[in-house]
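On a predicted model such as this, the values are computed, not experimentally measured, just so you know.
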Amino acid sequence: MATLLPPPKRPKLYHGVAEPEPEPLKASPNVVVQFVNEHDGTPIAPAVNLPANVAREGLEVLVNQLRTKDDDEHVPFAFHVALPEEATTPNAPTRIVISKSIEVDVLSHASHAFSEEDVLVVRCAPQSVFKVRPATRCSATLSGHSSPILCASFSPTGNLLATGSGDTHVRLWDLFTETPSHTLTGHTGWVLCVEWDPLERKLASGGHDGHVRLWDPKTGKPLGDAMKGHSKWVTSLAWEPLHLNPSTPRLASSSKDGTVRVWSTATRKLEYALGGHTASVNVVKWAGGGLGVRVWDARGGKQLHILKDHAHWVTTLALNTDFVLRTGPFDHTGKRPSSDEEGDSSIHLPSKDTPHLVSRTPELLISEPGGGKTKPLTRLTGHQRQVSHVAFSPDGRWAASAGWDSAVRLWDCSGAGQLGKFVATLRGHVGAVYRLAWSADSRMLVSASKDATVKIWDLKTYKIKSDLPGHTDEVYCVDFVADKVVSGGRDRTVKIWKN
């Protein structure tokens, strides 16, 4: 008996229409790709011919195999292609980030600047081996201050938070329980700045009363009387880096009275005062090379350089060593150094002898204060109103600037050939942007604004990754450590944001 064949399947109908024929797979073109180091433009390997639809993850595996290093450690990379000058438009990104594949991101780009016949120069930037999770929710709203919160700073380990307010108090918060730890009373005016010792042993605060105070964060008690000497309010504080003085780091304070004073924290006595400024000193930075826009030798207070190419007031500074000097010997493992010497040896500064310094007014200047040159290396223009804050990324490859024009702008500081090149404008705020902070892996940027929001930006897409509304008034300060973000402002509340 012959075997009967089953009846044919009934064709599927979609609203009475037969199922469409599947589209044949498109053949992907092959392209010639030259992978180069983002920092100096040197080729990683000879040019390779590969399909244009290879995913970004596949490119990362390929580059790790092409590298000539002997180590077997897998290094994550970010890839981008620089747009030619004739294909760029004002205020548009000057590079194409490869997030999916060369075919989708580069060959199909709206500028049509590249074709499959071109040799594509793909710049490879090594990324952090760890990845910070973006904050997406408010885990705690902490009240206690009775006036607007003017400054906030995580401790180097990220276990404690210090906030200063117009109510003349400094408050410490325990981030394990997200509850108040201590209230530090002693100032008689607004608390304008708080700064942690690199080993988290002491906390310094400066206020509108012109006094600088030291506190024990474990007990909340003051360490002696206030350090007096400024005739007007204190504008900023800076600790001496741990690798320069691991046992008793000194403290520098700047003031509206036009002076910078360097204090011994062991004796709470003034070591020397730095004069020469004709107006308010708005910020002081202690660089990793022992240099303290006037540049001073911290060993004796001798003036080294005067950087005076700005046409307006200089209201803040940033160093590309800020992150490593702030976090000191602490990292994501939570290990604490057993001695000052061990903490000293665990700090690794960038390879360059002198840090780059960004100073800002309505324009930004990048200078190299220790290189014997007093002229800026480059001038960064583009903001339509005053620049309120600038910050280097932890890896030193980016500089971000926030302005009263509601925009955040990114600048490429990775190599000498591209130093200060405009990368992209981050738009989304509807009010002035007051403050910026970077994630530890340099993949995200957080901004605080007059529009009462905090926004986290993704540097792959140059778009908002997380929008964090919740404040009822202007947000004056923000900080980022591990996967936690803190913000505070005019509504007198501290908000902690987590993933």
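Donor-acceptor pairing under 3.5 Å is recorded for the side chains of Thr235 and Ser254. Side chains of Thr141 and Lys495: a donor on one and an acceptor on the other come within 3.5 Å. Side-chain contact of His182 with Thr219: a donor-acceptor pair under 3.5 Å is absent, judged by distance alone. There is no side-chain donor-acceptor pair under 3.5 Å between Ser466 and Thr136. In the model, Ser487 has a side-chain atom that pairs as donor or acceptor with a side-chain atom of Trp497 under 3.5 Å. Inspection of the Trp173 and Thr163 side chains reveals an N or O donor paired with an N or O acceptor under 3.5 Å. For the residue pair His471/Thr453, the side-chain donor-acceptor check at 3.5 Å is not satisfied.
In this structure, Ser155 contributes its side chain and Leu160 its backbone to a donor-acceptor pair below 3.5 Å. Looking at Arg213, its side chain never comes within 3.5 Å of a backbone N or O of Asp225 through a donor-acceptor pair. With hydrogens and angles disregarded, a donor-acceptor distance shorter than 3.5 Å links the side chain of Gln384 to the backbone of Gly382. Judged by distance alone, the side chain of Asp451 and the main-chain N or O of Val430 form a donor-acceptor pair under 3.5 Å. The backbone N or O of Pro249 lies less than 3.5 Å from no partner atom in the side chain of Trp239, so there is not a single donor-acceptor pair. Between the side chain of Ser442 and the main chain of Asp395, a donor-acceptor pair closer than 3.5 Å is present. Counting only distance, with no hydrogens or angles, the side chain of Thr94 and the backbone of Phe422 share a donor-acceptor pair below 3.5 Å. Side chain of Arg409 to backbone of Ala402: no donor-acceptor contact under 3.5 angstrom is found.
Counting only heavy atoms from C-beta outward, the side chains of Val478 and Val485 approach each other to under 4.5 Å. The shortest distance between side-chain heavy atoms of Thr185 and Thr168 does not fall below 4.5 Å. Within the 4.5 Å cutoff, the side chain of Val486 has heavy atoms near those of the Leu161 side chain. Residues Asp209 and Trp233 have side chains not in contact (no heavy-atom distance under 4.5 Å, counting atoms from C-beta outward). The shortest distance between side-chain heavy atoms of Val170 and Leu203 falls below 4.5 Å.
To the nearest 0.5 angstrom, Arg133 atom CZ is 4.5 Å from Asn499 atom CG. Note that the OG atom of Ser401 and the CG atom of Leu410 stand 8.0 Å from one another [nearest 0.5 Å]. To the nearest 0.5 Å, atoms NZ (Lys131) and OG (Ser439) are separated by 10.5 Å. Within the model, atoms CG of Leu445 and OG of Ser393 stand 9.5 Å from one another, a figure rounded to the nearest 0.5 Å. The line from OH of Tyr476 to OG of Ser165 is 11.0 Å long, rounded to the nearest 0.5 Å. Atom CZ of Arg201 is separated from atom CG of Leu214 by 12.0 Å, given to the nearest 0.5 angstrom.
Residue pairs meeting the salt bridge (charged side-chain N to carboxylate O under 4.0 Å, His left out) criterion with at least one partner in residues 150-177, sequence neighbours excluded, do not occur; the list is empty.
At most 12 non-hydrogen atoms from other residues, nucleotides or ligands lie less than 6.0 angstrom from NZ of Lys450. Atom CG of Asp473 has more than 12 neighbouring heavy atoms from other residues, nucleotides or ligands inside a 6.0 Å radius.
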* Check against salt bridge (Lys or Arg N to Asp or Glu O under 4.0 Å), Asp412 and Arg95 -> CA-CA 11 Å; Asp412 186 352; Arg95 57 172 65 178; 2.7 Å; yes
* Asked: Taking it one step at a time, do Leu175 and Ile496 satisfy side-chain contact (heavy atoms from CB on, under 4.5 Å)?
  -> CA-CA 9 Å; Leu175 295 183; Ile496 298 175; 3.5 Å; yes
* Can you list the steps and then say if Tyr434 with Trp404 is a ring pair (Phe, Tyr, Trp, His ring centres under 6.0 Å)? -> CA-CA 8 Å; Tyr434 291 143; Trp404 285 68; 5.7 Å; yes
* To do: Please step through side-chain contact (heavy atoms from CB on, under 4.5 Å) for the pair Arg492 and Ser143, ending with a clear verdict.
  => CA-CA 7 Å; Arg492 299 172 291 184; Ser143 57; over 6 Å; no
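Comment: Glu38 does not engage Arg123 in a salt bridge, judged by the lack of any side-chain N to carboxylate O separation of less than 4.0 angstrom. At a threshold of 4.0 Å, the pair Asp441-Arg443 counts as salt-bridged, since one of the basic side-chain nitrogens sits closer than that to a carboxylate oxygen. Between Asp216 and Lys218 no salt bridge is recorded (no basic side-chain N to carboxylate O distance below 4.0 Å).
Partners of Lys202 according to the salt bridge (Lys or Arg N to Asp or Glu O under 4.0 Å) rule, which considers only residues two or more places apart in sequence or in another chain, do not exist here. With sequence neighbours left out, the salt bridge (Lys or Arg N to Asp or Glu O under 4.0 Å) criterion links Lys498 to Glu178.
Here the two rings, on Phe392 and Trp438, have centers that are 6.0 Å apart or farther.
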